[in-house]
Structures are given as structure tokens and as C-alpha cells.
Amino acid sequence: MPALSSRGARRRTINEINMVPFIDVMLVLLIIFMVSAPLITTGLVDLPSIGKAKQQPDHVIQIIVGTDDRVRIKLDQLEPENIAFNRLAERVKKAQGKDGNSPVVISADKSVKYESVVKVMDVLQSSGVTRIGLAVKSGATGG
């Protein structure tokens, strides 16, 4: 009978999984990640400051994006006029004239969806307008 009991003890050790090597490997990986995490540098973005801007040019084309996704165009000191989105690029090119060097400034309220502003920029860039900027309030604090 002692032979049967020794065989049963062997089966018990075979059926058990030894967790110690697994735990050792996990602790080593944890230490590696804890040591290497502070060394990873995140990408730095150097945003332009608006305090260094030059004097505003004489002829500025302003695109105003409303909260209801309506687009208006304002030339110099004239009143803004509503314009269809599909005719925006054509109207801006006409307002720029032959030289095409007049800057285009896009202004939108804080509550306007970012997607609307990007659509306007995309339409203008795909039509060949190169000088596109965003209007900001100088001296305004975030919030």
C-alpha cells in the first residue's frame, strides 16, 4: 500500500502550478516600467505668442463662423455678408484679387465646433488660399 500513496503524492505535485516564476517575471517588468516611465519625454509644442504680431495689414478678409454653422465674409471695414459654404472659396479668391496675397482670418466663437472651423480652413487651403490665420483676443486669459 505505501506504493500507492507515493504515486498519489507525485500526482498532486504535477497538477499544481508553480506561481513563483510568474510572479518574479511580473515584478521585474513592473520595476522596468516604473524606472523607464519618467524617462519618456512627451512631445513639446511651441505655440506662437500673439504679443509679437506685426501691425495688421490694410486689406484683410475675415471669415466669421457662427454658432449655427453659418459662414459670413467681411471685407476690410464693410458689414459682414452671409455666404453659402460651397461658394466660400470662390468669393475669397475674388476678394483677394490677382495677387492672392491678402491674408484670410477665420474668427469663431468659443462655442463653435472645432470641426466647422477645420472645414472652412480645408476648403480655403484646397482652393489655393495660402495665408490663413485664426483670430484671437489679445490679453485674454483661458477659461
> Apart from I32 itself, which Ile, Leu, Val, Met, Phe, Trp or Tyr residues share its cluster (side-chain heavy atoms under 4.5 Å, direct or through members)?
Replying inline: V28

Can you give me every donor-acceptor pair (side chain of residues 122-129, partner residue at least two apart or in another chain, under 3.5 Å) with its distance?
unit_1: S126; atom_1: OG; unit_2: D122; atom_2: O; d: 3.0
unit_1: S126; atom_1: OG; unit_2: V123; atom_2: O; d: 3.0
unit_1: S127; atom_1: OG; unit_2: V123; atom_2: O; d: 3.4
unit_1: S127; atom_1: OG; unit_2: L124; atom_2: O; d: 2.8

Would you give me the side-chain donor-acceptor pairs under 3.5 Å for residues 84-91, sequence neighbours excluded?
unit_1: R87; atom_1: NH2; unit_2: E90; atom_2: OE2; d: 3.2

> For K119, what residues pass the salt bridge (Lys or Arg N to Asp or Glu O under 4.0 Å) criterion, not counting sequence neighbours?
Replying inline: E115

> Any donor-acceptor pair under 3.5 Å linking the side chain of Q96 with the backbone of S102?
Replying inline: yes

> About how many Å separate OG of S116 and CG of D68, when rounded to the nearest 0.5 Å?
Replying inline: 9.5 Å

> Of all heavy-atom pairs between N82 and R70, which one has the smallest distance, and what is that distance?
Replying inline: OD1-NH2, 3.5 Å

> With M19, which residues qualify under side-chain contact (heavy atoms from CB on, under 4.5 Å), at least two apart?
Replying inline: I17, F22, I23

>> I want to check something: taking the side chain as every heavy atom from C-beta on, are I63 and I83 in contact at a cut-off of under 4.5 Å?
In response: no

>> Under the criterion side-chain contact (heavy atoms from CB on, under 4.5 Å), I'd like the reasoning laid out for L75 against V60: C-alpha separation, chi angles, the key distance, then a yes or no.
In response: CA-CA 6 Å; L75 303 173; V60 176; over 6 Å; no

>> Could you list the cluster mates of Y114? Members are the ILVMFWY residues connected by side-chain heavy atoms closer than 4.5 Å, either directly or through other members.
In response: V118

>> Using side-chain heavy atoms (C-beta onward) and a distance below 4.5 Å, is E81 in contact with I73?
In response: yes

> Do M121 and I106 come within less than 4.5 Å of each other through their side chains, counting heavy atoms only?
Replying inline: yes

>> Is there a path of hydrophobic side-chain contacts, each under 4.5 Å between heavy atoms, that joins I132 and I64?
In response: no

